[in-house]
Colleague: 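Below is the structure I would like to discuss, written out as structure tokens.
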Amino acid sequence: MKRNNSRSAREAGIKRKYGFHNSKSLGQNFLTDDSVIDDIAAASKIGPEDLVIEIGPGMGVLTAAVADYAGRVVAIEVDKRLIPVLHETLADYDNIEIVNADIMKTDLNEIIEKYGIPGPEGKVRIVGNLPYYITTPILMMLLESRIPAETITIMMQKEVAERIMADPGSRTYGALTVAVSYYCVPSIVREVSKECFSPVPKVDSTVLRLDMRHEKPVTVKSESLLFETVKAGFGKRRKTMANAITGLRGLEKGMAASVLEKAGIDPKRRAETLSLEDFAALADAVYEAVTE
Ligand code: SAM
């Protein structure tokens, strides 16, 4: 394996050779800052026995950096114009598989089965500089797909990262914060200026590492009802919780307040003040009320 040290300079030459123009609709803002690439790779906790799945390799700058740490890398890129480019930029690596597919239509458990975890102590790790237009759907798909991932290290628009890291009571706290905290422990790897991309996007970015939880922080009677309750709460953000959960699984208005009280929650509170534990207690109270 060999590392290309002037990645971004090489990128410009290859783009000219292939007559490649970035697609705005596919969120193709490519990384040009080597320190960001190195920091993502280093923060991903990748070891030689690990299988890394990269989402959206673009021209392969991050792919090469993670391949230096990993046993095997599977890079999934939707744009077929980039496949010959990737075969050229990553030609020196014998531990990278390039797959032309849409990540949202890819069965990641099948990918893991097909390519395998290289070592007995190896883990599955996800990395990616995510396309802005589809960050939250990709993240929710990763969390809900039950893939045995140990870490997910991803770059996203700064504002999305702020929502993930928000504390209860804050303006940015919402359904995404609660859902992510159910599945994993998020931490900030670094902030990234928009100047570190080509073309330069309108927004700054943040790299987060999500350490997947081996045990869930709350136990509930129905996981799907927990997420329905969270969605109902934040769907009517300005309303009191009593109003927000009226209609949830057919819950009548008169019952909403008593269900909340049973869960130890003041019916006048709003969703942004509820912790994951509060939502779990509420979901169980709703469960009891609607199945009785
Ligand atoms: N990793 C490269 C880098 O950091 O320079 C490229 C990152 S760019 C922000 C996002 C990449 O994801 C692009 O290469 C784009 O074509 C690809 N992409 C967009 N939508 C995708 C999807 N649904 N499935 C797989 N890749 C996708």
Side-chain angles (χ1 to χ4, degrees), residues 4 6-15 18 20-44 46 52-68 70 73-90 93 96-108 110-111 125-142 145 147 152-161 189-208:
N4 175 10
S6 56
R7 306 176 196 119
S8 43
R10 192 176 168 196
E11 183 181 306
I14 289 175
K15 265 179 152 175
Y18 285 88
F20 182 81
H21 294 286
N22 295 50
S23 155
K24 214 173 169 181
S25 63
L26 288 176
Q28 289 177 345
N29 301 96
F30 294 158
L31 267 170
T32 54
D33 186 309
D34 285 356
S35 81
V36 178
I37 297 163
D38 289 336
D39 285 353
I40 298 173
S44 303
I46 301 164
V52 174
I53 299 175
E54 188 194 3
I55 301 166
M59 301 190 70
V61 287
L62 183 58
T63 326
V66 295
D68 283 339
V73 180
V74 180
I76 301 175
E77 172 57 59
V78 74
D79 187 347
K80 68 174 188 305
R81 300 174 306 154
L82 285 167
I83 304 305
V85 175
L86 285 163
H87 280 293
E88 177 165 342
T89 56
L90 303 172
Y93 290 82
I96 299 175
E97 307 286 342
I98 298 157
V99 176
N100 182 205
D102 180 340
I103 193 72
M104 296 303 289
K105 295 181 185 151
T106 304
D107 183 336
L108 291 176
E110 248 173 45
I111 292 279
R125 301 193 188 272
I126 312 280
V127 301
N129 167 16
L130 297 185
Y132 295 132
Y133 78 100
I134 197 179
T135 298
T136 309
I138 291 177
L139 179 54
M140 290 316 295
M141 178 276 289
L142 292 173
S145 63
I147 44 166
I152 301 175
T153 311
I154 43 177
M155 176 140 60
M156 64 195 73
Q157 184 176 338
K158 188 178 175 174
E159 287 72 17
V160 179
V189 172
R190 63 169 287 170
E191 307 292 346
V192 181
S193 155
K194 51 177 167 291
E195 304 300 329
C196 298
F197 301 88
S198 170
V200 176
K202 288 198 179 74
V203 290
D204 291 322
S205 288
T206 303
V207 181
L208 294 186

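Just so it is clear, the values below take in all heavy atoms, side chains as well, and ignore hydrogens, waters and symmetry mates. As the structure is a computational prediction, the values presented were derived from the model and not from experiment. Note that ligands are numbered from 1 as they come in the structure, with each ligand's atoms numbered from 1 the same way.
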Colleague: Using a 4.0 Å cut-off to any heavy atom of Asn29, which atoms of ligand 1 qualify?
Modeller: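 Taking each heavy atom of Asn29 in turn, ligand 1 has 8 (S), 9 (C) under 4.0 Å.
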Colleague: Gly56 to ligand 1: N or O pair under 3.5 Å?
Modeller: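 N/O-N/O distance under 3.5 Å: yes.
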Colleague: As an exercise, identify every atom of ligand 1 less than 4.0 angstrom from a heavy atom of Leu31.
Modeller: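 In order of number, 3 (C), 4 (O), 5 (O).
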Colleague: Glu54 near ligand 1, heavy-atom distance under 4.0 Å?
Modeller: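 Per 4.0 Å heavy-atom rule, Glu54 contacts ligand 1.
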Colleague: Starting from atom 4 (O) of ligand 1, which protein heavy atom do you reach first, and at what distance in Å?
Modeller: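 Among all protein heavy atoms, the one nearest atom 4 (O) of ligand 1 is Asn129 ND2, 2.8 Å.
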Colleague: Going by the atom numbers of ligand 1, which of them fall below 4.0 Å from some non-hydrogen atom of Val78?
Modeller: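 It comes down to these atoms of ligand 1: 18 (N), 19 (C), 20 (N), 21 (C), 22 (C), 24 (N), 25 (C), 26 (N), 27 (C).
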Colleague: Where is the nearest protein heavy atom to atom 19 (C) of ligand 1: which residue, which atom, and how far?
Modeller: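 Scanning the protein heavy atoms, the shortest distance from atom 19 (C) of ligand 1 goes to Leu26 O, 3.2 Å.
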Colleague: So which protein heavy atom does atom 20 (N) of ligand 1 come closest to, and at what separation?
Modeller: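 Result for atom 20 (N) of ligand 1: Tyr133 OH, 2.9 Å.
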Colleague: Would you mind running through ligand 1 and noting each atom that sits below 4.0 Å from a heavy atom of Ile76?
Modeller: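 It comes down to these atoms of ligand 1: 25 (C), 26 (N).
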Colleague: Under 4.0 Å, counting heavy atoms only: does Ile55 come that close to any atom of ligand 1?
Modeller: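 Checking ligand 1 against Ile55, which is what was asked, there is no heavy-atom contact under 4.0 Å.
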Colleague: If you count the atoms of ligand 1 from 1 in the order shown, which ones are under 4.0 Å from a heavy atom of Asp102?
Modeller: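 By the 4.0 Å cutoff, the relevant atoms are 22 (C), 23 (N), 24 (N).
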Colleague: Mark up the atoms of ligand 1 that fall under 4.0 Å of a heavy atom belonging to Val61, in ascending order.
Modeller: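 Within the 4.0 Å cut-off of Val61, ligand 1 contributes 5 (O).
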Colleague: Are any non-hydrogen side-chain atoms of Leu82 and Phe20 less than 4.5 angstrom apart?
Modeller: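 Side chain of Leu82 against side chain of Phe20, heavy atoms only: contact under 4.5 Å found.
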Colleague: Does ligand 1 have an atom under 4.0 Å from some heavy atom of Phe197?
Modeller: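 It does not, in that no heavy atom of Phe197 comes within the 4.0 Å cut-off of ligand 1.
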Colleague: Counting heavy atoms only, which part of Ser23 comes closer than 4.0 Å to ligand 1: side chain, backbone, both or neither?
Modeller: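 No part of Ser23 is near ligand 1 at this cut-off.
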Colleague: Tell me whether Gly128 reaches ligand 1 (any heavy atom closer than 4.0 angstrom to a ligand atom).
Modeller: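 No; Gly128 lies far enough from ligand 1 that no heavy-atom distance drops under 4.0 Å.
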Colleague: Just to confirm my output: which protein heavy-atom neighbour is closest to atom 2 (C) of ligand 1, and how far is it?
Modeller: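 So the nearest neighbour among protein heavy atoms is Pro57 O, 3.3 Å.
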Colleague: In the protein, what heavy atom is nearest to atom 24 (N) of ligand 1, and what distance, to one decimal place, separates them?
Modeller: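 Checking every protein heavy atom, the shortest distance to atom 24 (N) of ligand 1 gives Ile103 N, 2.9 Å.
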Colleague: Is any side-chain heavy atom of Ile55 closer than 4.5 Å to one of Leu142?
Modeller: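 Result yes, sub-4.5 Å side-chain heavy-atom pair found.
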Colleague: Counting each atom of ligand 1 from 1 as listed, which ones have a heavy atom of Gln28 under 4.0 Å away?
Modeller: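 Checking each atom against Gln28, I get 13 (C), 15 (C), 16 (O).
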Colleague: Met104 near ligand 1, heavy-atom distance under 4.0 Å?
Modeller: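 Heavy atoms of Met104 never come under 4.0 Å of ligand 1.
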Colleague: When you measure from atom 16 (O) of ligand 1 to every protein heavy atom, which one gives the shortest distance, and what is it?
Modeller: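 The closest one turns out to be Glu77 OE2, 2.6 Å.
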Colleague: Answer whether the closest heavy-atom distance between the side chains of Val192 and Met155 falls below 4.5 Å.
Modeller: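 With C-beta onward as the side chain, the pair touches.
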Colleague: Would you kindly say whether Asn22 and Lys15 are connected by a side-chain donor-acceptor distance under 3.5 Å?
Modeller: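 Note: Asn22 and Lys15 side chains meet the donor-acceptor criterion.
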Colleague: What about Phe30: any of its N or O atoms under 3.5 Å from an N or O on ligand 1?
Modeller: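 No, there is no polar N/O contact under 3.5 Å.
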